[in-house]
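Counting starts at 1 for both ligands and their atoms, in listed order. Keep in mind it's a predicted model, so treat the numbers as computed, not measured.
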Amino acid sequence: MTETILLNNGVRMPSAGFGVFQSAPEETAIAVETALKAGYRLVDTAAGYGNEREVGDGLRRSGVDRNDVFLETKVWVSDYGFDETLHAFDKSASKFGVSQIDLLILHQPMPQHFDRTIGAYRALERLLADGKVCAIGVSNFMPHHLAALREHTEIVPAVNQVELHPYFTQPAVQRANAELGVVTQAWSPIGGITFYPGWGENRVSVLEDATIGGIAAVHSKTAAQVMLRWHLQQGRSVIPKSTNPDRIVQNFDVFEFELDEDELTAIDALDRGVRGGPDPDLVDPMTFDVEIAES
Ligand code: NAP
């Protein structure tokens, strides 16, 4: 049975999902097929990842019923603005080969162009009202971005997907989300951003952390499994990425052990308060030069 989290609009979302950032299009369909066959029922992608079509292919190849899979994707900033975001839904849905998307979220707050962010979110509200999406949300929104969004829009986001792993736990974001009834979904849940190849010399991989390694040894689990368990026990959704079949299976085998309070607290204490990804207030995502192709 799939463990789920109840969203603030009554929709149930699987707590553990599968991420495909940096999964090359030619690897994505097989990875998604493998994940769905291993039991995952949520797939998280983004228009900006360039692999929505292959996510749809993987879904069909898996043989799992479309209605049993929770498809999540993100609108890229070049498609912000009311009409542009309505069209972004059409592009994503058509690339997936589906008529309805389970969760559509804004990829970045884009504080430099917040009027377009508001327009984009109003389009999500319209898509929700029209039944084209089952839930709407945001990503990389800090508490002040959420507050600004709330001033100009009606519907509280169901999910805020943010960087969150033991070295960067964002307690203020988690608190602000909880106060509004927004589910926190962890990207880089096993700390991928702390060890992706080519992302900077001085990164310290959370996978190598001694405290996490010690807890993993006690439970005969891997460091990745311990981190995923830590998120799930604290009520967060997780979307680990892998294109390796063994690791895909391993990352979903996280429901049959339990961390105790001391272990959870020891992992909480590893927070260094330093983000690995771009600061949403400092980096203008329009400078990333990503355009989303028509379907
Ligand atoms: P992650 O899931 O924490 O880590 C992925 C990395 O860990 C990959 O290099 C993967 O390599 C490796 N890996 C996977 N399972 C492993 C295991 N059991 N043991 C050791 N290594 C393992 O990082 P992420 O990809 O950054 O985050 C997950 C998802 O979050 C993304 O795929 C994407 O869907 C989403 N995301 C969203 C944003 C955003 O701005 N909203 C940003 C980044 C990510 P292999 O593939 O070789 O296994």
So for ligand 1, is [X] a polar contact partner (N or O within less than 3.5 Å, distance only)?
| X | result |
| --- | --- |
| K74 | no |
| F195 | no |
| Q108 | no |
| N244 | no |
| T222 | no |
| T45 | no |

Worksheet item: Should the pair R275 and F168 be classed as cation-pi, given the thresholds of under 6.0 Å to the six-membered ring centre and 45° from the axis?
Response: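 No, a cation-pi geometry is absent between R275 and F168.
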
Which protein heavy atom lies closest to [atom], and at what distance to 0.1 Å?
| atom | result |
| --- | --- |
| atom 16 (C) of ligand 1 | R247 CD, 3.3 Å |
| atom 28 (C) of ligand 1 | I239 O, 3.0 Å |
| atom 34 (O) of ligand 1 | D44 OD2, 2.6 Å |

Item to complete: Run the numbers on D102 and R12 for salt bridge (Lys or Arg N to Asp or Glu O under 4.0 Å), then give the verdict.
Response: CA-CA 10 Å; D102 297 279; R12 286 202 167 270; over 6 Å; no

Quick check: closest heavy atoms across [X] and [Y], and the distance to 0.1 Å?
| X | Y | result |
| --- | --- | --- |
| L164 | H231 | O-CE1, 3.2 Å |
| R41 | L36 | NH1-O, 2.8 Å |
| A224 | L207 | N-CD2, 4.0 Å |
| F195 | S205 | CD2-OG, 3.4 Å |

Worksheet item: Quick one: which of E263, Q225, R229 gives a side chain to side chain donor-acceptor pair (under 3.5 Å) with H219?
Response: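 Running side chain to side chain donor-acceptor pair (under 3.5 Å) over E263, Q225, R229 with H219 returns exactly one hit, E263.
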
Identify, by atom number and element, the atoms of ligand 1 in contact range of [X], meaning under 4.0 Å from any of its heavy atoms.
| X | result |
| --- | --- |
| Y196 | 24 (P), 26 (O), 43 (C) |
| P240 | 2 (O) |
| Q161 | 35 (C), 36 (N), 37 (C), 38 (C), 39 (C), 41 (N) |
| A224 | 17 (C), 18 (N) |
| V20 | 32 (O), 34 (O) |

Item to complete: Let me know which of N160, V182, N177 forms a side-chain contact (heavy atoms from CB on, under 4.5 Å) with V138.
Response: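 Option passing the side-chain contact (heavy atoms from CB on, under 4.5 Å) with V138: N160.
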
Worksheet item: At what distance, to the nearest 0.5 angstrom, does CD1 of I30 lie from OG of S23?
Response: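 So the gap between those two atoms works out to 12.5 Å.
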
With backbone taken as N, CA, C and O and side chain as the heavy atoms from C-beta onward, which portion of [X] lies under 4.0 Å from ligand 1: side chain, backbone, both, or neither?
| X | answer |
| --- | --- |
| S242 | both |
| P189 | both |
| V162 | neither |
| K241 | both |
| N140 | side chain |
| S188 | both |

Practice prompt. Kindly check if the number of other-residue, nucleotide or ligand heavy atoms within 6.0 Å of CG (D130) is above 12?
Written response: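 Counting other residues, nucleotides and ligands, CG of D130 exceeds 12 neighbours.
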
Discussion item. Would you say CD of E26 has more than 12 non-hydrogen atoms from neighbouring residues, nucleotides or ligands within 6.0 angstrom?
Written reply: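 Buried by this count: over 12 neighbours within 6.0 Å.
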
Worksheet item: Can you check salt bridge (Lys or Arg N to Asp or Glu O under 4.0 Å) on D44 and K241, steps first, answer last?
Response: CA-CA 9 Å; D44 173 71; K241 172 266 176 188; over 6 Å; no

For [atom], the option (of [options]) bearing the nearest heavy atom:
| atom | options | value |
| --- | --- | --- |
| atom 4 (O) of ligand 1 | G192, P197, P245, P280 | G192 |
| atom 38 (C) of ligand 1 | F21, W187, F18 | W187 |
| atom 21 (N) of ligand 1 | V249, T194, L207 | L207 |

Fill in: Y196 and F21 aromatic ring geometry - parallel, tilted or perpendicular at 30°/60° bounds
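Aromatic pair F21/Y196 classed perpendicular.
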
Practice prompt. Kindly say whether T28 contributes a backbone atom to a donor-acceptor pair with the side chain of T243 at under 3.5 angstrom?
Written response: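 Flag not set: sc T243 to bb T28 has no pair under 3.5 Å.
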
